[in-house]
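Worksheet: one structure, shown below.
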Number of protein chains: 2
Amino acid sequence: MTTSAPRKKRMPRAEREQQMLTIAEEVFVEQGFVASSMDDIAARVGVSKPMIYEYFGSKEGLLVACIRRAKAELFDCVANAAAGITDPEMALRSGFTAFFRYADEHRLSWQLVLNNEGALAGSAAAEAIEEIRTEQTTLDRALLETFVPHVPGQTLDAIAEIIVGACERLSRWYVRTEGVTAEDAAEYVMRLAWYGLRPLVASSDENVEPVQGSHPAQENNGA
Amino acid sequence: MTTSAPRKKRMPRAEREQQMLTIAEEVFVEQGFVASSMDDIAARVGVSKPMIYEYFGSKEGLLVACIRRAKAELFDCVANAAAGITDPEMALRSGFTAFFRYADEHRLSWQLVLNNEGALAGSAAAEAIEEIRTEQTTLDRALLETFVPHVPGQTLDAIAEIIVGACERLSRWYVRTEGVTAEDAAEYVMRLAWYGLRPLVASSDENVEPVQGSHPAQENNGA
DNA sequence: GAAGTAACCTACTCGTAGTAAGGTAATCGG
DNA sequence: CCGATTACCTTACTACGAGTAGGTTACTTC
């Protein structure tokens, strides 16, 4: 029911490995790493557990292999997109686009990376953490709205998300980097957020073409 | 050796709970959620396992409680910092600063949120995922450098981190939001990155005061 | 100081990661 | 065509950790 046909035939190692990875990816995303059982995965593959251990060493080894495969794919996409473009602006834009396209077209793989970093997908713990971000996003959004009220809701959503992601990641860097104060870090974010936003507020939307041609401020809060 | 004295005395529930949370936080960050054992935590607290289950229900319940406590602290900090400030720019800046200050002053709590979202702290899997970001950061940084060569290395580092964090978070939003194309998402990031960066390149540093008054381009790559 | 309650323990079950040791099918030299 | 080597695959275990049942000890209150 999960895969397709009840493949009971022997299979060369390389092929079996790929099959295992595909199914493991499914299971890990569905149930979360912790809740997934090797017996279950083995059963879905149609093979016995020791085979997986033979090929991947451990449960975590299996996860790592899944991640590595996803990573390789992602880098192919982005590298191809940016390859040969000399203008940095175009290269950046093209790379970003490829990145988001990958996230869209390989949702399972990408969710694996995003969620199973937190091995607790679907769990209360994951929700508790996500809640932190949600609240921060809501707060930022509210602040932004007072500042640039005429901007479409969706744009505000996107910017709020961007700021939260930026803060989170920068906080990691900040903590491990010597000689940077909290004010410095905040200033870095402010620069991008504030100056990056300025075209939106200064010229309404004559200088900066709206991202979405039309889309009249469609709200987007719920999960 | 972990706590302080071999407290063998009885203790009111509220106090014991706080002690448990503090120690659990330590252990979770040290070993990662998956690798941590309830027996170990109980032993360090100087109490038997069923006590923890009595108070927190499950291993994950314990983690959630840790996260909630951290979250409450974080929100206190940020809310206090932004409270009463009417100018949105100052409010944002002050909030950001408080956020980074929290990350710095409560490293353990914050690491819990960052790492144990990925319950695999310290594991090969966590490294594999982090590797993806590192590579992306390196790539972005290289692109930025060709564009704004005169900017201090540390600033480039920070901006690259910001972009990676922004992309990651925005990709989540993007995937769950209807009617947004990869190009749209890329454009959102470009706006912040590009226009946010523009003051740096356009006017060198006459319009925009450098974040670090002096700090002459001190590099910072290693962990 | 008896009764009640809140903190605490010992001693278990059960599920799952990981392993040992052996079976079966393809391939290859003769 | 036939034994032998190799590689895919299995059944049947061990070990360990999450979670629990039920009893014990120390504080509190009248």
Side-chain angles (χ1 to χ4, degrees), chain A residues 3 5-24 26-28 30-66 116 119-126, chain B residues 3 5-24 26-28 30-66 116 119-126:
Chain A
T3 17
R7 295 184 168 191
K8 273 295 176 188
K9 284 309 290 263
R10 297 213 161 186
M11 204 175 275
R13 173 164 184 157
E15 188 180 345
R16 186 65 92 185
E17 277 180 348
Q18 289 308 311
Q19 189 201 2
M20 284 173 177
L21 289 181
T22 302
I23 288 177
E26 259 176 51
V27 175
F28 285 153
E30 255 174 44
Q31 331 224 330
F33 179 74
V34 178
S36 305
S37 95
M38 295 295 269
D39 289 289
D40 181 24
I41 295 174
R44 292 208 206 185
V45 174
V47 106
S48 70
K49 197 167 53 165
M51 286 307 315
I52 307 185
Y53 281 92
E54 175 73 24
Y55 292 163
F56 297 103
S58 68
K59 189 182 183 184
E60 192 180 308
L62 181 59
L63 175 61
V64 169
C66 288
N116 268 289
L120 305 163
S123 71
Chain B
T3 14
R7 294 184 167 190
K8 273 295 176 188
K9 284 310 290 267
R10 295 210 164 189
M11 202 175 277
R13 173 165 183 157
E15 190 179 343
R16 186 64 92 185
E17 277 180 347
Q18 290 308 310
Q19 189 201 2
M20 285 174 176
L21 289 180
T22 303
I23 289 178
E26 258 177 54
V27 175
F28 285 153
E30 256 174 43
Q31 330 223 331
F33 179 74
V34 179
S36 305
S37 93
M38 293 296 268
D39 289 289
D40 180 25
I41 295 174
R44 292 208 205 185
V45 175
V47 104
S48 71
K49 197 167 52 164
M51 287 308 312
I52 308 186
Y53 281 92
E54 176 73 24
Y55 292 164
F56 298 103
S58 69
K59 189 182 184 184
E60 194 180 307
L62 181 61
L63 175 60
V64 169
C66 287
N116 268 289
L120 305 162
S123 70

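Each chain gets a letter, A, B and so on, in the order the sequences are listed, and its residues count up from 1.
Taking only side-chain atoms of A:P50, from C-beta outward, the nucleotide of C:dC9, C:dT19, C:dT16 with the closest atom is C:dT19. Out of C:dA6, D:dC9, C:dA17, the shortest distance to the side chain of B:R10 is found at C:dA6. Across D:dG17, C:dC8, C:dA17, the shortest atom-to-atom separation from the side chain of B:D39 is found for D:dG17. Picking from D:dG19, C:dG18, C:dC9 the nucleotide with the shortest atom distance to the side chain of B:V47 gives C:dC9.
If you check every strand for non-hydrogen atoms under 4.0 Å, A:S48 touches a base. Across all strands shown, B:M38 has heavy atoms under 4.0 Å from sugar-phosphate atoms exclusively, and none from any base. Across all strands, A:Y55 comes closer than 4.0 Å only to sugar-phosphate atoms, never to a base (heavy-atom distances).
Summarising the geometry, atom CD belonging to B:E17 is positioned 12.5 Å from atom CE belonging to B:M11; distances are rounded to the nearest 0.5 Å. Distance check, rounded to the nearest 0.5 Å: NZ of A:K59 to CZ of A:F33 gives 5.0 Å.
Look at CD on A:E54: it is 11 Å from C1' on C:dT19, rounded to the nearest Å. The interatomic distance linking A:D40 (CG) with C:dG15 (C1') rounds to 13 Å, in whole Å. In this structure, CE of A:M11 is placed 13 Å from P of C:dA26, rounded to the nearest angstrom. The distance between atom CG of B:L63 and atom P of D:dA18, rounded to the nearest whole Å, is 13 Å. B:F56 places its CZ atom 14 Å from the P atom of D:dG19, with the value rounded to the nearest Å. Residue A:Y53 contributes atom OH, which lies 21 Å from atom C1' of D:dA7 at whole-angstrom precision. The distance between atom NZ of B:K59 and atom C1' of C:dG15, rounded to the nearest whole Å, is 14 Å. As rounded to whole Å, 16 Å separates atom P of C:dT24 from atom CE of A:M51.
Annotation for A:I41 and A:F28: closest pair CD1-CE2, 3.9 Å, computed over non-hydrogen atoms. Considering every non-hydrogen atom in both B:G32 and B:S36, the closest pair reads O-OG, 2.6 Å.
Within the structure, every side-chain polar atom (N or O) of B:R13 is placed at least 4.0 Å from both OP1 and OP2 of C:dC8.
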Expected list for residues 45-57 of chain B: side-chain donor-acceptor pairs under 3.5 angstrom, two or more places apart:
none

Determine, step by step, whether A:V34 and B:E60 satisfy the side chain to side chain contact (heavy atoms under 4.5 Å, CB included) criterion, reporting the C-alpha distance in whole Å, the side-chain angles of both residues, the deciding distance to 0.1 Å, and the verdict. CA-CA 11 Å; A:V34 178; B:E60 194 180 307; over 6 Å; no

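Residue-to-nucleotide proximity on DNA chain D shows that, of A:P12 and B:K49, the 5′-proximal contact is made by A:P12.
Contact annotation: the side chain of B:T22 never approaches that of B:Q19 to less than 4.5 Å [non-hydrogen atoms, C-beta and beyond].
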Which nucleotides of DNA chain D pair, in dot-bracket form (Watson-Crick or G-U under 3.5 Å, | meaning another strand): ||||||||||||||||||||||||||||||

